[in-house]
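Take a look at the structure below.
Quick note: residue numbers are just sequence positions, from 1. All values reported here derive from a predicted model rather than from experimental measurement.
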Amino acid sequence: MTTSQQPRAQWLGRWGFLLAATGSAVGLGNIWKFPYITGEFGGGAFVLVYLVCIFAVGVPVMMTEISLGRRGRGSPVDAIRRVIHESGRGSLWSLLGWMGMLCGFMVLSFYVVVAGWSFSYLWKMLSGGITGSSVDDMVAVFSANNQSPLNLGFWSTLVTLATMFIVGKGVQKGIEKSVGWMMPGLVLMLLLLIIYGAFSGGFGEAVHFLFAFDAGSLSSAGMLAALGHAFFTLSLASGAILTYGSYLPSSASIGRTAIGVAIADTVVALMAGLAIFPAIFANGMDPGEGPGLIFMSLPLAFQSMPLGTLFGVLFFAMLSMAALTSSISMIEATLSWLCDNKGLSRPQAAWGAGIVLWLVSTLAMLSFNVGADWTLFGKNFFDWLDYLTSRLMMPLGGLGMVVLAGFVLKGEIFRKELALSPLMHAVWLFMVRYVSPLGILVVFIDALGLYQVSFAAHWPWLLAILVAMVVAGELSSPRLARTLR
Ligand code: PHE
């Protein structure tokens with residue numbers, strides 16, 4: 001299967017994987033998407049469901065993906081094919097690897113557009129700031145920036161080039177080296193911004209908005225969004241984490257690493273919320289503004305604050321770096337597949353993938369100007385890429401991954417890779433075999449409009465179903481009991 005004779009790359013330093021995986025997880029999802037979907041779905045209740053999704057579903061899935069990558073030592077397609085082979089199961093499961101790789105590619109095609117917004121706002125801030133005195137002025141600046149395909153295309157092309165430049169240099173010299181300075185820089189900038197935000201007024205309101213729990217405000221659409229976003233923000237089911245895991249030395253602890261990444265990612269999302277919402281409330285803006293939220297509210301807020309331009313530069317520099325450390329991870333699965341299977345060198349694979357990516361992302365970019373009306377069922381191309389990946393492919397891919405790990409593959413693979421104590425292994429197995437699949441299915445049934453599930457009203461039923469699943473699962477293949485014995 002592998003045509004190149006080179007041994008597979010590994011992370012060089014002790015922190016290589018942790019930095020790269022955290023860099024992948026922390027991105028526009030945390031700073032751009034999390035605040036605006038929290039705004040759209042009503043605040044605290046959404047945040048709570050999101051946290052449950054991260055730790056009950058996201059972490060077990062992440063552990064599964066890293067294990068699959070390290071065991072299979074390849075791109076998602078190759079790694080999954082190898083572990084299936086090792087377990088003597090049907091190769092239809094390798095579709096899961098293809099879907100993951102495709103998903104990463106699709107995410108990147110709209111991600112570069114948003115990252116392009118960030119780069120262009122950084123440039124605007126550096127070259128004299130953004131002027132205007134009202135929300136309407138800011139909306140005008142934002143739409144003017146989108147209006148010209150040449151302008152918007154310039155910025156998304158720049159992001160594509162930067163991404164390909166880094167990944168083209170390889171795992172150690174490109175990815176590991178760049179996250180080694182970008183991640184510490186990012187954390188430092190975010191800290192400065194929070195301290196600044198705490199003095200900007202509106203902080204109390206922001207805390208209330210993010211953490212006050214109002215169960216009534218949570219719709220089923222909100223629940224699906226929370227689950228989809230948990231996958232998105234942890235870079236799951238998109239080939240990124242699995243491929244990074246394939247470069248992980250065998251001695252590293254997968255469980256500890258996954259929890260570390262999840263905590264760092266959550267902390268950054270909440271910190272970003274605390275840095276952004278004060279400015280929104282202090283200026284009387286609507287938190288449910290949508291995708292343009294941070295691009296409209298923050299420049300306005302920064303203007304009325306001391307040293308605003310400086311902190312504006314800081315903010316968009318931070319956002320741009322966060323975007324880059326994520327974008328490089330989205331294409332790594334494809335690159336690794338091209339190098340292993342097509343005998344290409346890293347730079348060749350990077351340029352080849354980059355050209356295709358550029359074409360697709362250009363279509364996504366056009367959704368904001370000339371292609372705004374090219375819609376299907378009311379969604380333009382950009383919206384479709386976002387919807388298909390984070391609402392469908394990621395939850396489905398996650399479901400496939402946990403079923404594969406919990407029921408299909410040899411249990412021995414995960415006992416060896418995870419190397420957990422019997423109790424912790426049982427917890428992981430319980431999550432992967434029963435809790436995650438049930439959670440994902442319930443949210444899907446709800447989202448498809450088949451049945452309106454309310455956790456508050458239906459919890460006895462859900463519990464009963466869970467128990468029935470455990471009994472049926474353990475009777476047919478008693479893995480949990482065996483682990484604990
Ligand atoms: N986790 C990244 C973010 O929050 C997005 C991402 C998705 C990265 C899929 C890699 C793969 O911005």
Side-chain angles (χ1 to χ4, degrees), residues 25-47 50-51 111 114-115 117-122 124-125 129-130 132 134-135 137-139 141-142 145 186-212 225-226 229 232-233 264-323 326:
V26 171
L28 296 169
N30 305 61
I31 302 161
W32 161 71
K33 205 171 182 187
F34 176 75
Y36 94 75
I37 57 177
T38 302
E40 277 180 354
F41 293 109
F46 174 82
V47 174
Y50 163 79
L51 289 178
Y111 206 82
V114 183
W117 287 343
S118 175
F119 276 75
S120 69
Y121 268 65
L122 174 61
K124 277 189 206 302
M125 284 283 176
I130 296 163
S134 66
V135 179
D137 291 344
M138 292 302 126
V139 175
V141 172
F142 187 67
N145 197 38
L186 193 148
V187 170
L188 193 71
M189 290 192 230
L190 196 58
L191 281 177
L192 287 175
L193 281 160
I194 304 253
I195 299 172
Y196 185 67
F199 292 104
S200 70
F203 198 72
E205 218 174 324
V207 171
H208 181 81
F209 180 73
L210 283 170
F211 301 111
H229 187 64
F232 184 86
T233 192
D265 185 75
T266 305
V267 169
V268 172
L270 295 175
M271 287 193 354
L274 287 180
I276 290 163
F277 282 115
I280 292 170
F281 290 121
N283 287 283
M285 295 175 131
D286 174 14
E289 183 73 60
L293 183 68
I294 58 172
F295 297 99
M296 298 174 193
S297 59
L298 290 182
L300 184 62
F302 284 138
Q303 269 180 53
S304 55
M305 289 151 72
L307 296 178
T309 309
L310 178 67
F311 278 89
V313 168
L314 205 61
F315 179 83
F316 287 108
M318 175 211 54
L319 188 61
S320 304
M321 281 198 333
S326 297

Would you give the length of the straight line joining atom [atom1] of [X] to atom [atom2] of [Y], rounded to the nearest 0.5 angstrom?
X	Y	atom1	atom2	result
M271	I194	CE	CD1	4.5 Å
L210	F34	CG	CZ	6.0 Å
T38	L270	OG1	CG	8.5 Å
M125	L314	CE	CG	11.0 Å

Of the non-hydrogen atoms in [X] and [Y], which two are nearest, and what is the gap between them?
X	Y	result
N30	A25	OD1-O, 3.0 Å
L122	V313	CD1-O, 3.5 Å
F277	A206	CB-CB, 3.6 Å
S326	G27	OG-CA, 3.4 Å
Y121	P299	CE2-CG, 3.8 Å
L28	A323	CG-CB, 3.8 Å

Just so I know, are the side chains of [X] and [Y] near enough to count as touching, which here means a heavy-atom distance under 4.5 Å?
X	Y	result
L192	M318	no
L319	W117	no
T233	Y50	yes
I294	Y36	no
I130	F302	no

Derivation of the side-chain contact (heavy atoms from CB on, under 4.5 Å) call for F295 and F316: CA-CA 9 Å; F295 297 99; F316 287 108; 3.8 Å; yes

H229 and F232 aromatic ring geometry - parallel, tilted or perpendicular at 30°/60° bounds: parallel

Parallel, tilted or perpendicular: ring planes of F41 versus F46, cut at 30 and 60 degrees: parallel

Side-chain (D137) to main-chain (S134) donor-acceptor, under 3.5 angstrom: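 Checking the backbone N and O of S134 against the side chain of D137, a donor-acceptor pair under 3.5 Å is found.
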
Donor-acceptor pair, side chain of Q303 and main chain of G308, under 3.5 angstrom: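 It does not hold such a pair.
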
